[in-house]
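Here the structure is a predicted model, which is why all the values come from computation and not from measurement. Start at 1 and go down the list; that is how both ligands and their atoms are numbered.
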Amino acid sequence: MERILVIEDDQQIQNFMAYALENAGFEVISALNGKDGISQMIMRSPDLILLDLGLPDIDGMDVLKKVREKSEVPIIIVSARDQDKEKVTALDEGADDYLTKPFSATELMARIRVALRHYKRMNTLPEKGDDHSIYEYGDLKIDNGAHMVWKKDEEIHLTPLEYQLLLLFIKNPGKVLTYRTILKTIWGEGYGEDTQVLRSVMASTRRKIEENPAKPQYIETEIGVGYRLKEL
Ligand code: CA
């Protein structure tokens with residue numbers, strides 16, 4: 001049974017999440033403040049953490065940093081603060097996803113499943129540079145050994161940057177990737193703020209992979225945050 005740690009000071013939301021999670025077959029550990037959350041994380045090693053940003057003792061963002069010093073466990077931010085800047089900061093600090101209150105039990109379960117699946121996949125992927133996998137996604141097929149891409153069995157030609165961008169998303173289905181994360185991964189340190197270059201490569205990639213680049217079906221825009229490859 002997978003174990004989920006819920007760090008949330010609002011008792012009603014705690015109850016709502018615990019009920020939904022237990023119904024879905026998860027074991028639930030509840031923490032009503034940041035300090036207890038961190039010690040539960042250390043003692044009980046949960047498989048996933050749901051973390052509220054507005055906690056009474058320690059700021060949720062600091063809880064996130066503390067957890068990340070010790071563990072790669074998937075973390076989903078659960079926050080009432082519907083502000084892009086905080087979402088982006090949390091994602092950049094290593095959170096895997098975020099949910100803005102209020103949300104449904106269905107939404108909660110969907111995000112948890114993506115995060116758990118992604119974590120397992122990351123731990124079974126070959127080392128960087130050694131990945132000759134063939135990825136299939138919708139109409140697309142990517143042969144990472146040959147560096148070739150097909151759309152509906154027809155080869156499409158991507159520039160090296162477009163290729164790396166597509167590959168990064170294919171390896172992270174369902175996960176929101178912030179501008180900064182994408183820039184750091186593909187362009188390297190120092191490009192962290194240059195979203196213009198990313199937008200232009202994204203536009204040209206979409207023109208090649210999407211049926212209608214104005215209404216992308218594969219890589220969706222998360223306004224003010226980044227992009228997410230839709231889970232098919
Ligand atoms: Ca709170």
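At a cut-off of 3.5 Å, with distance as the only test, a side-chain donor of E222 or Y98 sits close to an acceptor on the other residue.
Below the 3.0 Å limit, the Ca ion (ligand 1) has as protein N, O or S neighbours D9 OD1, D52 OD2, G54 O.
Not a single side chain to side chain donor-acceptor pair (under 3.5 Å) links S39 to another residue, sequence neighbours left out. Remark: R117 engages E231 in a salt bridge (charged side-chain N to carboxylate O under 4.0 Å, His left out) (not counting sequence neighbours). Partners of K70 according to the side chain to side chain contact (heavy atoms under 4.5 Å, CB included) rule, which considers only residues two or more places apart in sequence or in another chain, are M41, I42.
Classification of K101 and E8 as a salt-bridged pair holds, one side-chain N sitting under 4.0 Å from a carboxylate O.
Judged by distance alone, the side chain of T205 and the main-chain N or O of V201 form a donor-acceptor pair under 3.5 Å.
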